[in-house]
Asks: 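Pasting a structure below so you can have a look.
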Amino acid sequence: NAGVTQTPKFRVLKTGQSMTLLCAQDMNHEYMYWYRQDPGMGLRLIHYSVGEGTTAKGEVPDGYNVSRLKKQNFLLGLESAAPSQTSVYFCASSYSTLGNEQYFGPGTRLTVT
Amino acid sequence: KNEVEQSPQNLTAQEGEFITINCSYSVGISALHWLQQHPGGGIVSLFMLSSGKKKHGRLIATINIQEKHSSLHITASHPRDSAVYICAVLRSYNTDKLIFGTGTRLQVFP
């Protein structure tokens with residue numbers, strides 16, 4: 001099992017460009033999450049999904065959109081990138097949230113210039 | 001004030017020392033997680049606990065629900081334990097999300 005994978009690993013964007021980050025899991029997990037990690041701050045939830053076809057906003061959803069068309073994939077989109085979105089993005093998945101651990105992907109380092 | 005506070009923020013130790021990292025939280029929770037983030041960036045889950053104590057190898061995690069406090073202990077520390085240790089809580093009134101602390105950076109020197 002590959003666990004949770006993320007593509008790409010690194011990306012540099014210019015302000016105003018768009019991109020999509022892909023997260024894939026092969027553990028048949030229902031829940032999937034997108035977090036961002038910034039220096040001096042804890043991981044912050046951007047959006048999450050509790051099952052195929054569902055999405056919900058987390059703490060910092062502005063400027064991002066997500067889709068979960070297939071159970072194994074969770075996509076994070078930036079429609080018009082801004083320098084404030086420079087961060088490391090982590091995807092995670094879990095069977096459920098109650099009493100289950102989250103499995104994290106390796107992260108995507110995004111720089112917006 | 002953050003809902004999850006960790007102390008210390010940074011910790012250095014000599015190989016073999018006993019290490020304690022603390023996590024305090026201000027909300028009602030249904031579970032608490034300890035995570036480890038290695039210098040390469042990868043994050044792995046170490047423990048999930050809702051009461052008492054858990055042990056895995058040289059790692060021990062405890063939680064006191066009444067005092068809203070958890071500790072992560074590392075016995076006989078080793079340089080490979082050098083990492084950032086992150087505490088996260090599952091709020092009891094919203095069970096879909098974790099709230100993360102900012103982490104404790106541990107460096108163990110030979």
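Everything numeric here is computed off the predicted structure, so don't read it as measured data. Below, read A as the first sequence line, B as the second, and so on, with proteins coming before strands; counting in each chain starts at 1.
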Asks: How many angstroms lie between atom OG of S94(A) and atom CE of M48(B), to the nearest 0.5 angstrom?
Replies: 11.0 Å
Asks: Transitively linked via ILVMFWY side-chain contacts under 4.5 Å: F74(A) with I46(A)?
Replies: yes
Asks: With rounding to the nearest 0.5 Å, note down the distance linking CZ in F100(B) to CD in Q37(A).
Replies: 9.5 Å
Asks: Any chance CD of E79(A) has more than 12 other-residue heavy atoms, nucleotides or ligands included, within less than 6.0 Å?
Replies: no
Asks: Is R109(A) atom CZ crowded by more than 12 heavy atoms from other residues, nucleotides or ligands, each under 6.0 Å away?
Replies: no
Asks: Same cluster or not: I65(B) versus V89(B), using hydrophobic residues (I, L, V, M, F, W, Y) connected whenever any side-chain heavy atoms lie under 4.5 Å apart?
Replies: yes
Asks: Go through G40(B), G42(B), S45(B), G41(B) and name the one with the most non-hydrogen pairs under 4.5 angstrom from chain A.
Replies: S45(B)
Asks: What are the two closest non-hydrogen atoms of I43(B) and F104(A), and how far apart are they?
Replies: O-CB, 3.5 Å
Asks: Which atoms of L45(A) come close to chain B, meaning under 4.5 Å heavy atom to heavy atom: side chain ones, backbone ones, both, or neither?
Replies: side chain
Asks: For E101(A) versus H33(B), what's the shortest heavy-atom pair and its separation?
Replies: CA-CE1, 3.8 Å
Asks: If you group Ile, Leu, Val, Met, Phe, Trp and Tyr by side-chain heavy-atom gaps below 4.5 Å, do L46(B) and I60(B) land in one group?
Replies: no
Asks: Determine whether more than 12 heavy atoms belonging to other residues, nucleotides or ligands lie under 6.0 Å from atom CD of E15(B).
Replies: yes
Asks: Could you see if M32(A) belongs to whatever hydrophobic cluster contains L98(B)? Use Ile, Leu, Val, Met, Phe, Trp, Tyr and a side-chain cutoff under 4.5 Å.
Replies: no
Asks: Are I21(B) and V84(B) linked, directly or through intermediate hydrophobic residues, by side-chain heavy-atom contacts shorter than 4.5 Å (ILVMFWY only)?
Replies: no
Asks: Please look at L49(B) and chain A and tell me whether the side chain, the backbone, both or neither of the residue comes under 4.5 angstrom of a heavy atom of that chain.
Replies: neither
Asks: Using non-hydrogen atoms and a limit below 4.5 Å, what part of residues 102-110 of chain B faces chain A?
Replies: T102(B)
Asks: Given a strict heavy-atom distance threshold of 4.5 Å, which part of Y103(A) is in contact with chain B: side chain, backbone, both, or neither?
Replies: neither
